[in-house]
Amino acid sequence: MTTDTRAGTERAGRFDPASYEQRWRDRWEADGLYRADDGDPRDKHYLLTMYPYPSGDLHIGHWYAATGPDIVARMRRMQGLNVMFPMGFDSFGLPAENAAIDRGVHPAEWTAANVERMRAQFRTMGCMFDWTREVVTSDPEYYRWTQWLFLQLFNAGLAYRAMAPVDWCPRDQVVLAREQVEGADRHCWRCGTPVVKRDLEQWFFRITNYADELLRFEGIDWPEPIRLMQTNWIGRSEGAEIHFPTEAEEVEPIRVFTTRPDTVFGATFLVLAPEHPAVSALTTGGRRADVEAYVASARRETEIERMNAEREKTGVFIGSYAVNPMSTERIPIWIADYVLPGYGTGAIMAVPAHDERDYEFAVKHDRPVRYVVLPRGGEAPQGQAFVAHTHDEVLVDSGEFSGMPAAEAIGAITQQLADLGLGGPAVSYKLRDWLVSRQRYWGAPIPIVYCDQHGAQPVPEDQLPVRLPPDVDFAPTGISPLQSHAAFLRASCPACGAEARRETDTMDTFVDSAWYFLRYCSPHDAERPWDPEAIRAWLPVDLYTGGAEHAVLHLMYARFMVKALRDLGHLAFDEPFLALRNQGQILGADHHRMSKSRGNVANPDELVERYGSDTVRLFLMFIGPWDQGGPWSASGIEGIHRFLGRVWGVASEPPGKGGPSADQLLGTAEELARALRRATHATIAEVSSDYGDFRFNTAISRMMELTNAIVRARESGLAGTEAYAEAVDTLLLLLAPAAPHIAEELWQRRGHPYSIHAQPWPVADPALAVAETIELPVQVDGKLRDRLVVTRDTPADEIEQMALASENVQRYLGGRSPQRVVQIPGRLVNVVTPGE
RNA sequence: GGGCGAGUGGCGGAACGGCAGACGCGCCGGCCUUAGGAGCCGGUGUCGCAAGACGUGCGAGUUCGAAUCUCGCCUCGCCCACCA
């Protein structure tokens, strides 16, 4: 049965989002509705979502990522918090420079145009971003402070310059941080080209100083997978350092790092990385030619070849011997490229019996395999290494330690080494210092000048920013375009005033993003990077959202930056982001990551034009769990549009008369009203907790159910009652964070004061939310056989009687009496039949 | 090779150890329409006329009761990967 809505529709106006969405956005903006004030007495809530790179157009993924936190921000605001929800642009970076090379547009121009376009597109989403706080990292007023930050780290010894073998992308002609090299084939994160090694003098940030603190996540609510990724990336290993004296007097003992000091009696040779500094001194005359050839070939190899574990293990004996400090055995020294120069001490003791790599090498090069740890009462395995996994191994052939459980021997041997002055406990990390130099133009210039007399000198703070000159040649040559800019290059030494040369590398854009959340607090402060008062008022960020792909990049760098700035006295907190939530990734329709080159980038503009932004927002939040993402498809968006149309109908049409309905035959108007109120208050509770938990899909389902209940109530003649008005108004309030425009429009049409977004969030009355009668499923042996409708307070024994009296239950019982009856109060009854 | 996560209708997905498939899409039928690619109403896991039986990747287990917990497989996704 449908009411005749035609007349009402004419009077109330058609559901036409285009007629009001832009109007409301303009008004919110003009009123500064979402501006976050520092002095607001309400509790602050800093909600942040990762700012985008201004690549050109906002795509569906940006909408997906931003809508979730916007919903939460809006709800928190209605719940009475002073919410700051800022947005900006991560606008330095390589694509701008490539555009300059490909199309002859200046990076600054290209970037500014993209920022402008994306800012406008962002506005059509109707998010509550406080645009008065916008930051653009390529703006000199921003990168001035990025440079200032570099100087603070430099002055504290946390930024240093070193010659190092670094990852080089031959296509982008730029070095990469270790975190920016991906995959088994060691390719560039940006363009996918396999990287090569180069020895370059580069700037690093000493993030390794913070390795241990970065492993601690106490007090922050972050997803387990992200914490795990960071933990694994930092890669802390506990073990021992062991010193192996050599026969060359002038050479220091070879230090090795091992996690298995209990196997030291099984060490039958040493292996040094080809780059190890002692190699040359330990190479004997007859071996020199072979050794030098091997070192040279290792140097030529790319990371890809070298890191390939499948490859046969190569290496050469260098002619010298060392002494195993525990067994006093004389063992040969080899070099092999499976030992990496950057990890541990760049040297290992090879224990073929207990390490698969050493085993493989020993077999190939005919070294002895000596088992020194075995399962209690077990035998040495044949033809393979024995890598202990249980806690039941004991040492054999290990001198005084023979017979000792391996777990115990680790400590005992380490202790004895320490007592002998030949080693001791040691910790090693996979984490390397953060390489921040980039041989590119479009980034913040590193504020350093080089003087022949005084070396690397920091640019005085009052001379910041070191500005990017606009007139440079962008051809990618592998050296910074700034190199060839004579005027930029020329500087005077801050120490002596002599002519000096300016650093021409720029900073990794991840430096920009490692502190942007601080700048939002006082984005226009021309005197300092931030106003300490504002920082005190807003930081740390209460809730941060973004993609999980930044787990070991941005998210780790930002933590490092905050900890470093804290230690320098600039900040008074330990962690930038108290809580973190990751959205899933929206893939292209072809199930691949969206990219311009694949041509699978979905653009929301057409959908917004056709359905309005509320529908697009809601649809994106409805397709599944927000943290899951998935391939893009617009099929189903009609359902959301119909839903909003129904909301429009129940909220704006005059009461329909309606005829008798099934509902009406079941109860009185009073009972129907009570049922509607119950639905209303249950929905408040569910939607509130769902929003808070980022479960937008189920929240929307609940609102659909409430809407359907309202539609039925109207057909039952309930329109015009208080319960009906409460249901509709509540629905609009719950919908306001997710679909801000239609909620505002209908709120006004119902005669309520502007703005719905300034209304208090509805609170569920638990007494109203519970049903007085419940339907209990009755099972026989766990299978559903009947249902009972009882009042909430029916005693258990009465329920049991009713269940046993059920015809169906009797049938399955077949005259026997039940073995037992399980009752879960308020949930179900299970009758267990006697077994045979 | 290591770590983490996920497998539920035709599809997206719901489901504190307790009625599997909420809510939507799609499809089928109907109403209203000059018309329907608009709107509304009803149906829709599979097999079966039905009563009913069977159903959450596969196989075991725990339990009165398992999509959910445990163990072993299979498949897919992500991260790391010669890290001593």
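Owing to the predicted nature of the structure, the values given are computational and were not obtained by experimental measurement. A, B, ... follow the sequence lines: proteins, then strands. Residue 1 opens every chain.
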Options B:G12, B:A22, B:G18, nucleotide nearest the side-chain atoms of A:E705: B:A22
Which part of the nucleic acid, if any, lies within contact of A:R695, taking any heavy atom under 4.0 Å across all strands shown: a base, the sugar-phosphate backbone alone, or nothing? nothing
Using the C1' atom in both, what is the distance from B:C11 to B:C16, to the nearest Å? 28 Å
Please confirm whether the shortest side-chain N or O distance from A:T698 to OP1 or OP2 of B:C23 is below 4.0 Å. no
Just to be sure I understand the rule, does A:I623 reach a base, reach only the sugar-phosphate, or reach nothing, if contact means heavy atoms closer than 4.0 Å? sugar-phosphate
Side chains of A:E360 and A:Y338: do they bring a donor and an acceptor to under 3.5 Å? no
So A:N697, base contact, sugar-phosphate only, or nothing? Heavy-atom distance under 4.0 Å. sugar-phosphate
Applying a 4.0 Å non-hydrogen cut-off, can you work out what A:L228 is touching in the nucleic acid: base, sugar-phosphate, or nothing? sugar-phosphate
Starting at the 5' end of RNA chain B and moving along, which residue's nearest nucleotide shows up first, A:R787 or A:E356? A:E356
Is the backbone of A:W626 close enough, under 3.5 Å, to the side chain of A:Y64 for a donor and an acceptor to pair up by distance? yes
Winner on side-chain proximity to A:F257, out of B:C40, B:G52, B:A84, is B:A84
If each of A:R785 and A:V711 is mapped to the nucleotide of RNA chain B with the nearest heavy atom, which maps nearer the 5' terminus, i.e. the 5' end? A:V711
Select base, sugar-phosphate, or nothing to describe what A:R702 touches, counting heavy atoms under 4.0 Å on all strands. base
In dot-bracket form, how is RNA chain B paired, counting a Watson-Crick or G-U wobble pair only if both its distances are under 3.5 Å and using | for bases paired to another strand? (((((((..(((.....[....)))((((((.......))))))(((....)))..(((((..]....))))))))))))....
Would you classify A:R646 as touching base, sugar-phosphate or nothing, given that sugar-phosphate means primed atoms plus P, OP1 and OP2, and contacts are heavy atoms under 4.0 Å? sugar-phosphate
Sugar-phosphate, base or nothing in reach of A:S428, heavy atoms under 4.0 Å: nothing
Protein-nucleotide distance (A:L788, atom CG; B:C19, atom C1'), rounded to Å: 12 Å
Given B:C41, B:C64, B:A53, which nucleotide is nearest the side-chain atoms of A:E715? B:C41
Give, for atom OH of A:Y691 and atom CE of A:M621, the distance between the pair rounded to the nearest 0.5 Å. 11.0 Å
Would A:D262 and A:H354 count as a side chain to side chain contact (heavy atoms under 4.5 Å, CB included) if you check the C-alpha gap in whole Å, the side-chain angles of each, and the deciding distance to 0.1 Å? CA-CA 10 Å; A:D262 53 318; A:H354 303 291; over 6 Å; no
So is A:K313 actually on top of A:F361's ring, under 6.0 Å and inside 45° of the axis? no
What's A:Y359 touching, base or sugar-phosphate or nothing? Going by heavy atoms closer than 4.0 Å. nothing
Name the closest nucleotide to the A:I348 side chain, picking from B:A84, B:A81, B:G12. B:A84
All side-chain contact (heavy atoms from CB on, under 4.5 Å) counterparts of A:E224, not counting sequence neighbours: A:R227, A:L228
A:Y429 side chain vs A:G344 backbone, donor-acceptor pair below 3.5 Å: no
Side chain of A:R178 (C-beta onward), nearest among B:A81, B:A22, B:A14: B:A81
Look at all strands and tell whether A:D358 reaches a base, only sugar-phosphate, or nothing, counting heavy atoms closer than 4.0 Å. nothing
Students often get this wrong, so: under 4.0 angstrom with heavy atoms, is A:Q779 touching a base, only sugar-phosphate, or nothing? base
Short side-chain donor-acceptor distance under 3.5 Å, A:D590 and A:N600: yes
With the side chain defined as heavy atoms from C-beta on, A:R820 is closest, among B:A14, B:C19, B:C64, to B:C64
Can you measure A:F696 atom CZ to B:C23 atom C1' for me and round it to whole angstrom units? 17 Å
